[in-house]
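Shown next, in structure tokens, is the structure this report addresses.
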Amino acid sequence: MTDQSRDVLSRWLLLTGNRLLVAVVVLALLSIIAGIAGFGPVRENHSPLYYLLGSLVAGNITLITVVVSINQLVISRDFGTPGELQREIRETLAFHRSATNGSAASLTPAGFLRAAIADLDRTTAELGTDAPEETPLQESLLAVRERLQAHTDRVSARLGSDDDSLRTVVLAIYPVRYLDYVQDLYSIQATHTARSSAHTDDRLAQTVVALESLDIARYYFLSMYIQQELSRLSRLLVYAGLPAIALAGGSLVHLSGYDGGATLSGASTTIVTATLLFGLFPIALLAAAVLRISTIAQSISITPFDPN
């Protein structure tokens with residue numbers, strides 16, 4: 001497998017892949033491991049099956065209760081009084097106007113990001129053009145401008161599809177730290193203070209403001225998306241966990257009809273095996289969701305002292 005194929009597979013597993021499909025892949029791997037281990041011995045000795053099925057019942061009840069409770073606690077942080085909500089709405093609208101240079105951009109995440117990226121592109125278009133030619137200052141500014149233009153082109157291309165979902169926005173900007181660009185500009189200012197013109201300093205200041213606005217928006221969008229993922233995870237765990245509990249309980253009742261030394265029939269073995277695998281599906285769902293949430297959460301820090 002090439003490095004590119006490995007990167008595509010890793011990105012699909014951690015980010016872009018449908019979480020239900022990723023959970024099915026995880027469950028398939030578990031089924032392969034179970035098949036290698038074999039169920040031959042438990043057909044005659046039912047004690048391990050009782051323990052496994054009982055553990056699935058208790059484990060899924062605990063999993064659903066704990067995860068749903070924690071998720072609801074996280075989501076409840078957005079609740080507030082009417083005054084707090086009114087202030088938040090006003091501050092959000094003011095930030096939208098400031099970050100998009102007063103444009104009439106849509107209030108959707110995708111619409112906002114398109115306008116903010118376009119404003120950054122306009123701001124950096126002349127960065128370095130008025131600096132003394134063939135000087136370290138101009139070379140540094142042009143290098144930063146080239147990196148920013150490559151980034152804005154990449155984000156614009158990712159937002160060019162018809163999918164304006166929050167997920168598309170997050171995947172377009174999640175790994176970027178705009179404060180790194182800000183630090184580069186501050187370093188340039190500190191190094192070439194005596195040689196930069198007032199227009200260059202003004203252009204640098206405008207670029208810094210645009211980058212700071214984008215980093216704030218990135219943090220906000222990532223937070224919103226993680227909340228959506230937690231809410232979706234709670235719903236999926238309830239949908240998958242309750243049938244898994246019912247099937248495990250039914251299989252326990254079914255096994256109680258066998259004598260201690262009786263060998264399980266082929267149909268009973270199939271039922272118990274399917275029940276065990278389905279009982280593990282909520283755990284596979286949790287693993288698939290955690291892979292995406294933890295990957296995005298690694299890039300959510302907005303502080304300049306982030307060690308990552």
Side-chain angles (χ1 to χ4, degrees), residues 1-26 71 74-75 78 92 95-96 99-100 103 105-121 124 146-182 210-236 284-303 306 308:
M1 180 181 293
T2 63
D3 291 340
Q4 183 177 3
S5 300
R6 191 179 297 109
D7 291 340
V8 171
L9 179 60
S10 176
R11 183 175 175 83
W12 179 86
L13 181 65
L14 297 177
L15 288 169
T16 60
N18 184 287
R19 293 301 95 181
L20 286 174
L21 185 56
V22 173
V24 170
V25 172
V26 173
N71 291 351
V74 173
I75 294 171
D78 281 346
T92 302
F95 173 77
H96 180 278
T100 59
S103 71
S106 169
L107 291 176
T108 63
F112 168 85
L113 185 59
R114 287 192 185 97
I117 287 293
D119 181 63
L120 176 64
D121 205 26
T124 59
E146 184 178 354
R147 288 168 53 205
L148 285 172
Q149 288 180 337
H151 169 70
T152 56
D153 291 343
R154 184 165 57 252
V155 173
S156 298
R158 291 178 177 175
L159 294 176
S161 62
D162 295 332
D163 184 7
D164 283 350
S165 65
L166 180 59
R167 175 175 173 270
T168 300
V169 172
V170 167
L171 293 179
I173 61 174
Y174 94 91
V176 182
R177 275 179 52 87
Y178 291 101
L179 287 183
D180 291 339
Y181 293 109
V182 173
L211 290 170
E212 289 175 346
S213 298
L214 276 170
D215 220 26
I216 293 171
R218 181 186 70 91
Y219 175 85
Y220 186 67
F221 291 152
L222 293 183
S223 301
M224 287 175 57
Y225 186 68
I226 287 178
Q227 289 181 345
Q228 285 188 4
E229 286 290 285
L230 291 174
S231 178
R232 188 179 298 113
L233 174 61
S234 297
R235 185 174 67 252
L236 291 176
L285 275 175
L286 178 64
V290 166
L291 286 175
R292 175 184 281 171
I293 292 173
S294 61
T295 301
I296 292 176
Q298 288 178 346
S299 303
I300 203 171
S301 175
I302 198 173
T303 65
D306 180 16
N308 295 322

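In this text the structure is predicted, and so the values were computed from the model without any measurement.
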Test side chain to side chain contact (heavy atoms under 4.5 Å, CB included) applied to R19 and L291, step by step: CA-CA 9 Å; R19 293 301 95 181; L291 286 175; 4.2 Å; yes
Shortest non-hydrogen contact from [X] to [Y]?
X: A172; Y: V155; answer: O-CG2, 3.8 Å
X: A284; Y: A23; answer: CB-O, 3.5 Å
X: H151; Y: I117; answer: NE2-CD1, 4.3 Å
X: D215; Y: Y178; answer: OD1-N, 3.4 Å
X: D119; Y: A210; answer: OD2-CB, 4.4 Å
X: A116; Y: T100; answer: N-CG2, 4.2 Å

[X] (side chain) donor-acceptor with [Y] (main chain) under 3.5 angstrom:
X: S231; Y: Q228; value: no
X: S10; Y: R6; value: no
X: R218; Y: I173; value: no

All side chain to side chain contact (heavy atoms under 4.5 Å, CB included) counterparts of R167, not counting sequence neighbours: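 With neighbours one apart ignored, the set is T16, S165, L171, Y225, R292.
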4.5 Å side-chain heavy-atom contact, T124 and Y181: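 A side-chain contact under 4.5 Å is absent here.
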From CA spacing to verdict: side chain to side chain contact (heavy atoms under 4.5 Å, CB included), L20, L285: CA-CA 7 Å; L20 286 174; L285 275 175; 3.6 Å; yes
Residues T108, L113; criterion side chain to side chain contact (heavy atoms under 4.5 Å, CB included); working and verdict: CA-CA 9 Å; T108 63; L113 185 59; over 6 Å; no
CG on L211 to CD1 on I216, rounded to 0.5 Å: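 Atom-to-atom, I216:CD1 and L211:CG are 11.0 Å apart.
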Between CG on residue L120 and OG1 on residue T152, distance to nearest 0.5 Å: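 If we round to the nearest 0.5 Å, L120:CG and T152:OG1 are 6.5 Å apart.
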Aromatic ring pairing F112/F221, orientation class (parallel under 30°, perpendicular over 60°, tilted between):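 Perpendicular: the ring planes of F112 and F221 meet at over 60°.
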Side chain to side chain contact (heavy atoms under 4.5 Å, CB included) evaluation trace for L15 with I296: CA-CA 8 Å; L15 288 169; I296 292 176; 3.8 Å; yes
Residues forming a ring pair (Phe, Tyr, Trp, His ring centres under 6.0 Å) with Y220, sequence neighbours excluded: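 Not a single residue meets the ring pair (Phe, Tyr, Trp, His ring centres under 6.0 Å) criterion with Y220.
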